[in-house]
Amino acid sequence: MGSAVERTDEHVREYLVYRGFTNTLKHLDTEIKTDKEKGFRVDKIIDQLQQFIQSFDLFGLKDYWLYLDRRLFSRLEDVYRSTVNKLRTSLYRYYVINTIQKGNLEKTHEFFQKQALELQGQVEWRDWFILPFIPAPEQNPAFSPYFSRQWADTFLVSLHNFLSVLFQCMHILEKPVLLSFDAEVQKMTSLLEDNEQLRQLLFALQTESRDQRDGDEMVHHKLPAYVQNMDRLGDTELEMVSSQRAASTVATPSRNFFSTFLPQGRRTPGKPPQVTTGSSPSQVAVGRKDPPTSQVRANWKSNTGIEKSPFDGVIKVWSFNPILQTKATIMSKSPLLSLEWATKPDRLLLLGSGVGTVRLYDTDTKKNLYEMNIDETHPRILSLACSPSGSSFVCSAAALSRSGNVELVPRLPLTVSGQLLLWDTKTVKQQLQFSLEPEPVAINCTAFNHNGNLLVTGAADGVIRLFDMQRYESAMSWRAHDGEVYSVEFSYDENTVFSIGEDGKFIQWNIHRCGVKQSEQLLPQDATGPFVLSGYSGYKQVQVPRGRLFTFDSEGQHVLTCSSSGGVIYRLTNGEPALESVLSLGGHKAPVVTVDWCSAVDCGTCLTASMDGKIKLSTLLAQKS
């Protein structure tokens, strides 16, 4: 609605200039500047409310909210009146908390004096009249949640979503005929998309018919995943990506290996999640739109996130608080294959390239701080993982494939040589090289446990290796998948490890009993890759899985995976099947290739990124019993 009004205003301006109505144009511009509805732009309405709060303008805040109530909220059905009242209560509390946080107690007393008659009869304000007289209200159990950044962000997001939905249902106001063009534009766009899909379908059917007449056994033109769900690749692609590797011998460690350090660090499911963030997510970074996306990663501790497009070497950092806007753009002449947020300080970003370098980038100053040369013989930096202690990071470097291409084609069955290195973040020097038995192999994925004592890796030979980071040696390893291991993560209690491999299986492993499966689930091909994007005239692109293919919620009870049109949330079960589908997050027209998930307060944010370079942020609201 806001964009339609803004475009209409521009058209009216053009018409007035064309007719020479300059005085009318001046009056129009003046009216627009003082427009309380802000052209139905939700972000500008939120900014106006925050401006009143930050300037301690109680009268302006009340007057503006009353205008919105008379103009918009009063036209809603009675069932929504309770929601409006809750938002108004939260808005006033936001104002009061801001006065206390800014040390302006005079405005705090002024609020309760002027609002006493209105609020003293409301149950939700009964305990708030003692707030100005409490020495340290931010430490009081009754008021401490309202002083957190998490509560403020959750309120602003809720208000933003409410207004957005309200403006999308503007039938509560009589819409002028002049604004109906926007609906016509959307209708025309939808018809053009449908026409393109039908054209591709016709082309594919014609191609299939011609190939059958010629006696061909294989169809060379596939439809896009968003036109027809493809549950497997063509025979040619299967031959390229399938790999048969000989089983390697595994060493079984002593069962008392973890007794020295794991018990004190182990978390139990019965405990609440250890939230170290000070706020809900407010920043994310995305790559360019056109090239395919490789990774999306959020730093929920510093409220920043990253998503990269590896083939053009561009990373964009975005901030949303709650409006999405660009914070920084990182350019690289070489392709970027991996990334990771530094633990301390958490504004720093590690970027692994395809030419054997790792760059340290400061997202605040927007400058490269250092560039490390890893190894010329192993130029592909496939994975980066920072230790939770912040003193070091692990780097996986691999040799080029036989084709010499970095990422655009599936890997060949030939096992690629690789190294696993430990670098010191303070001295920016290599500390050691881990031993990879039985032979040096490319490590595709890495993950630390919560205190950095353990490191789990998944390799191209299908083996999962668990490293003792106190002794810097391999504690155990086992053959996990038929084919490569694409993604690994520790479970919430860190007694097990989950993995996804080239064989399409999602497996849970007991780390106290080497190589013992606790559960196994076969996932759809669009959740494990390789990911295929097909189009008109036989266009086809195959992307090898790279990055996080699955992620857990804060309590480890649910897992988010990729799919052909969005993300899929499963609930972990103790029986068969191991996964129970709960919710599908759509919104993509190309295969989703990487995911991330944050849970804070009563809402969680899921990030899904697809091959066409698009990223979707989905907010999940918890159901209270």
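Numbering starts at 1 and runs along the sequence shown.
A distance-only check finds a donor-acceptor pair linking the side chain of S353 to the backbone of V355 [under 3.5 Å]. Side chain of R479 to backbone of D461: a donor-acceptor contact under 3.5 angstrom is found. In this structure, the side chain of Q518 does not engage the main chain of V497 through any donor-acceptor pair within 3.5 Å. A distance-only check finds a donor-acceptor pair linking the side chain of K616 to the backbone of G586 [under 3.5 Å]. Looking at E489, its side chain never comes within 3.5 Å of a backbone N or O of A447 through a donor-acceptor pair. Listed for the D596 side chain is no donor-acceptor partner under 3.5 Å among the backbone atoms of L607. Under a 3.5 Å cut-off, the side chain of T343 and the backbone N or O of S389 do not form any donor-acceptor pair. At distances below 3.5 Å, at least one donor-acceptor pair connects side-chain atoms of S396 with backbone N or O atoms of I443. Of the possible donor and acceptor atoms, none in the side chain of N510 sits under 3.5 Å from a partner among the backbone N and O of V516. Side chain of S144 to backbone of Q139: no donor-acceptor contact under 3.5 angstrom is found.
With contacts defined as side-chain heavy-atom distances shorter than 4.5 Å, the pair L585/L560 qualifies. Proximity of C562 to V593: side-chain heavy atoms (C-beta onward) are nowhere separated by under 4.5 Å. Side-chain contact between I464 and S499: present, with at least one pair of heavy atoms (C-beta onward) separated by less than 4.5 Å. Within the 4.5 Å cutoff, the side chain of M372 has heavy atoms near those of the L350 side chain. By the 4.5 Å heavy-atom criterion applied to side chains, N453 and M469 are not counted as neighbours. Taking 4.5 Å as the limit, every side-chain heavy atom of Y486 sits out of range of all side-chain heavy atoms of C445. In this structure the side chain of L400 reaches within 4.5 angstrom of the side chain of R380, judged on heavy atoms. Looking at heavy atoms from C-beta onward, F434 lies out of side-chain contact with Q419 at the 4.5 angstrom threshold.
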- Query: When you look at E437 and S435, which way does the side chain to side chain donor-acceptor pair (under 3.5 Å) test go after all the steps?
  - Reply: CA-CA 6 Å; E437 299 294 341; S435 175; 3.1 Å; yes
- Task: Tell me, with the steps shown, if Y361 and T363 meet side chain to side chain contact (heavy atoms under 4.5 Å, CB included).
- Result: CA-CA 6 Å; Y361 182 84; T363 58; 4.0 Å; yes
- Start with the C-alpha gap between L382 and N444, add the side-chain angles, then the distance that decides, and say whether side chain to side chain contact (heavy atoms under 4.5 Å, CB included) holds. CA-CA 6 Å; L382 299 183; N444 293 331; 3.8 Å; yes
- Given I330 and L349, is the side chain to side chain contact (heavy atoms under 4.5 Å, CB included) satisfied, shown in steps? CA-CA 11 Å; I330 308 171; L349 196 58; 3.8 Å; yes
- Task: For the pair C395 and L384, evaluate side chain to side chain contact (heavy atoms under 4.5 Å, CB included) and give the outcome as yes or no after the intermediate values.
- Result: CA-CA 5 Å; C395 168; L384 295 167; 3.9 Å; yes
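Considering CG of L579 and CZ of R571, their distance stands at 11.0 Å, rounded to 0.5 Å. Separating the CD1 atom in I507 from the CD atom in Q521 is a distance of 11.0 Å, to the nearest 0.5 Å. For the atom pair T573 OG1 and Q557 CD, the distance stands at 11.0 Å (nearest 0.5 Å). Taken from CE in M331 to NZ in K316, the straight-line distance is 8.5 Å, to the nearest 0.5 Å. A distance of 9.5 Å separates CG in L620 from CG in D553, rounded to the nearest 0.5 Å. For the atom pair CG of L348 and CG of L360, the computed distance is 5.0 Å after rounding to the nearest 0.5 Å.
Applying the ring pair (Phe, Tyr, Trp, His ring centres under 6.0 Å) criterion to Y146, with sequence neighbours excluded, gives W128, W151. Take S581 and apply the side chain to side chain donor-acceptor pair (under 3.5 Å) test, not counting sequence neighbours, and it matches no residue. Applying the ring pair (Phe, Tyr, Trp, His ring centres under 6.0 Å) rule to F498 yields the partners F506, F552; only residues at least two apart in sequence or on another chain are considered.
Taking all atoms of both residues into account, the shortest heavy-atom contact from D424 to K426 is OD1-N, 2.7 Å. I315 approaches L351 most closely through the heavy-atom pair CD1-CD2, 3.4 Å. The two atoms that bring G567 and S563 nearest to each other are N-OG, 3.9 Å, heavy atoms only. Nearest heavy-atom pair across P530 and Q525 is O-NE2, 2.7 Å. Heavy-atom minimum distance, T528 versus G501: CB-O, 4.2 Å. Minimum heavy-atom separation, E502 to G483: OE1-CA, 3.4 Å.
Between the side chains of T496 and Q508, at least one donor N or O sits under 3.5 Å from an acceptor N or O. Donor-acceptor pairing under 3.5 Å is lacking for the side chains of S338 and E340.
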